[in-house]
2 protein chains.
Amino acid sequence: MSLPLPSETIFHVIESTIKEYRKFAQKNISKKVKDITIDQSMVLIFLNEHPELTQKEIAKLVFRDNASLTRMLNTMVKKKYLKRSVDNKDRRRYNIEITAKGKDILDTLPPIIHQNRNSSLKGITKNEQKQLEIILNKIKTNCLKT
Amino acid sequence: MSLPLPSETIFHVIESTIKEYRKFAQKNISKKVKDITIDQSMVLIFLNEHPELTQKEIAKLVFRDNASLTRMLNTMVKKKYLKRSVDNKDRRRYNIEITAKGKDILDTLPPIIHQNRNSSLKGITKNEQKQLEIILNKIKTNCLKT
DNA sequence: GTAATATAATTGACATATCAATTATATTTG
DNA sequence: CAAATATAATTGATATGTCAATTATATTAC
C-alpha cells in the first residue's frame, strides 16, 4: 500500500508525452529554420493572427509568466524577428510588430507544423482525440478548483 | 483550411493540463514543506527507493538532461537534502546519500502527494485513466518513431 | 598493455522559469 | 482633481534547460 513512484503515474505519462512531442516538433522545425524555438514560433503565430495581443495575453497562450515573456521577446527582438514600440493609446503597453525576417519564418512554418501534428497523431481517431481532451480537461478542472 | 492555432490543438490541452497539475501539486507541497520544488521532491523519492541510481538514470526519470540534473543536485546538496561522494567501484560516478533533513521531507511528502493525485483525478474512472494512457502512449510512440 | 573508444559527470554560454519587488502609466474614488 | 488603487511590463536574484565542449575514468581492441 505504498505510494506509486512518480514514474508509475498517469502524470508521468502526460509529461513524457508532451516532452517527446516538443522534442520531435523542435527537431523538425530546426531542419528547415535555424535558430528558432517552438515557443518563439508559437509567439510569432499568435502575433500574426492577433497583432493586438498584449504581452500578458501572449504569456498566457504559451503558458509562461510575464517576466519570462519579456525576456523571450527581448531575445526575439535581438534576433530581428520582432520590433517593439510603445503603444500611444496606453503607454504601459507595447505594440509588437513582426519584421520581414519574422514573416519569412511564418511562411516556412505551416507545412512543418502541419506535418508534425499529423504524424504525431497518426493512427489516433477523432473520437480518441475527443476522449483525450475530455479526460484531460477534467484533470485540469480538478486542479483549478481546489 | 488554414492551420489551427497552437491553442486550438490537443497538444495545447496536454501541456496546459500537466502545467496546472504541477502548479497545483507545488502549491500543496509548499504549504507543508518550505523551499522544495516538485522536481527536487521527485529526485528524493526516486533516490530513496533506488539509492544506486546514477545521475544519468535520475535525469531520465525526471525528464531532464544530465547538465540540468547536475545543477539540481548541486542545489539540493547546498540545501542539505543530499550528500555526494565518489563511487569507489567506478570513479566517474557519485554515490548520492539522502541526509536526515532529506529523510524528514520524505516522511512529510507521501500524504500530500497521495492527496494531490487523488483530488486531481477525482471523478475519473480507472477505465478513463487506462484510455488516457493508451492514447498518450500512441502519440509518444509516433514522436519517437520518425 | 597501450591507443582508441566509450561512458559519467561537469562546465560554459546562453535562454528560459519564477518569485518578489519595482517602474511607469491608467483608472477609480473620495 | 489629488490620492489610492490597479494594471502592464521590467528587473533582480536564483534555479533550471539545453547544447556543445571538456574532464576524468573505464572499457575495448589491436
Side-chain angles (χ1 to χ4, degrees), chain A residues 15-16 18-20 22-27 29-31 34-43 47 52-96, chain B residues 15-16 18-20 22-27 29-31 34-43 47 52-96:
Chain A
E15 185 149 9
S16 66
I18 195 64
K19 292 231 169 170
E20 284 307 335
R22 283 183 149 269
K23 243 188 257 174
F24 170 72
Q26 179 70 68
K27 199 179 62 187
I29 290 176
S30 297
K31 279 179 201 161
K34 298 299 160 203
D35 212 37
I36 197 159
T37 67
I38 296 194
D39 293 300
Q40 290 170 4
S41 304
M42 289 203 285
V43 170
L47 276 171
E52 76 296 344
L53 284 172
T54 64
Q55 295 189 189
K56 213 180 157 180
E57 290 164 338
I58 300 170
K60 197 161 185 195
L61 283 168
V62 295
F63 314 114
R64 263 80 198 161
D65 92 342
N66 296 349
S68 203
L69 199 86
T70 292
R71 281 156 185 149
M72 244 177 95
L73 292 186
N74 289 345
T75 310
M76 292 179 76
V77 168
K78 196 161 47 170
K79 290 190 176 170
K80 309 276 191 207
Y81 302 142
L82 299 177
K83 249 191 251 179
R84 266 193 294 191
S85 52
V86 172
D87 182 340
N88 278 314
K89 295 198 204 78
D90 182 342
R91 300 183 50 75
R92 291 169 305 183
R93 297 188 185 187
Y94 288 99
N95 294 316
I96 309 171
Chain B
E15 185 148 9
S16 66
I18 196 63
K19 291 228 169 173
E20 284 307 334
R22 282 182 149 269
K23 245 188 255 175
F24 169 72
Q26 179 69 69
K27 198 179 61 187
I29 289 176
S30 297
K31 280 180 201 160
K34 297 300 160 202
D35 212 39
I36 196 159
T37 66
I38 296 193
D39 293 300
Q40 289 169 5
S41 304
M42 288 202 286
V43 169
L47 275 171
E52 75 297 343
L53 284 173
T54 64
Q55 297 190 187
K56 214 180 156 181
E57 289 163 339
I58 300 170
K60 199 163 183 194
L61 283 168
V62 295
F63 314 115
R64 263 79 198 164
D65 93 341
N66 295 350
S68 201
L69 200 85
T70 293
R71 281 158 185 148
M72 248 177 91
L73 292 187
N74 288 345
T75 309
M76 293 179 75
V77 167
K78 196 162 46 170
K79 290 190 176 170
K80 311 276 191 207
Y81 302 141
L82 298 178
K83 249 191 251 180
R84 266 192 294 191
S85 53
V86 173
D87 181 340
N88 278 315
K89 295 199 203 79
D90 182 342
R91 300 183 49 77
R92 292 169 305 182
R93 298 190 184 186
Y94 288 98
N95 294 316
I96 309 172

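Just so it is clear, the values below take in all heavy atoms, side chains as well, and ignore hydrogens, waters and symmetry mates. In what follows, every chain begins at residue 1, and chains take the letters A, B, ... in the order their sequences are listed. All values reported here derive from a predicted model rather than from experimental measurement.
Here the nucleotide nearest the side chain of A/Thr70, chosen from D/dA9, D/dT16, C/dA6, is D/dA9. Proximity note for A/Met72 (side chain, C-beta onward) versus C/dA26, C/dT16, C/dT18: the nearest is C/dT16. Listed nucleotides D/dT10, C/dT16, C/dA9 differ in distance to A/Ser68; the shortest reach to its side chain belongs to C/dT16. Side-chain proximity of A/Lys56 to D/dA9, D/dT16, D/dA20: nearest is D/dA9. In the set C/dA17, D/dT18, C/dA9, the nucleotide with an atom closest to the side chain of B/Tyr94 is C/dA9. For A/Thr37, counting side-chain heavy atoms from C-beta on, the closest listed nucleotide (C/dA17, C/dT16, D/dA24) is C/dT16.
Across all strands, B/Asp39 comes closer than 4.0 Å to no nucleic acid atom at all (heavy-atom distances). Residue contacts for B/Arg84: at a heavy-atom cut-off of 4.0 Å it reaches the sugar-phosphate backbone alone, with no base atom in range.
A/Phe63 and B/Lys19 make their closest contact through O-NZ, 3.6 Å (heavy atoms, listed as atom of the first residue, atom of the second, distance).
Heavy-atom distances to DNA chain D give each of A/Leu53 and B/Lys79 a nearest nucleotide, and the one nearer the 5′ end belongs to A/Leu53.
Spacing between atom CG of A/Leu73 and atom P of D/dA8 amounts to 15 Å, rounded to whole angstrom units.
With respect to A/Arg71 and A/Asp65, no salt bridge is recorded, no charged nitrogen being found less than 4.0 Å from a carboxylate O.
An OP1 or OP2 oxygen of D/dA9 is reached within less than 4.0 angstrom by no side-chain nitrogen or oxygen of A/Arg92.
The base of C/dT18 sits with one of its N or O atoms less than 3.5 Å from a complementary donor or acceptor on the side chain of A/Arg71.
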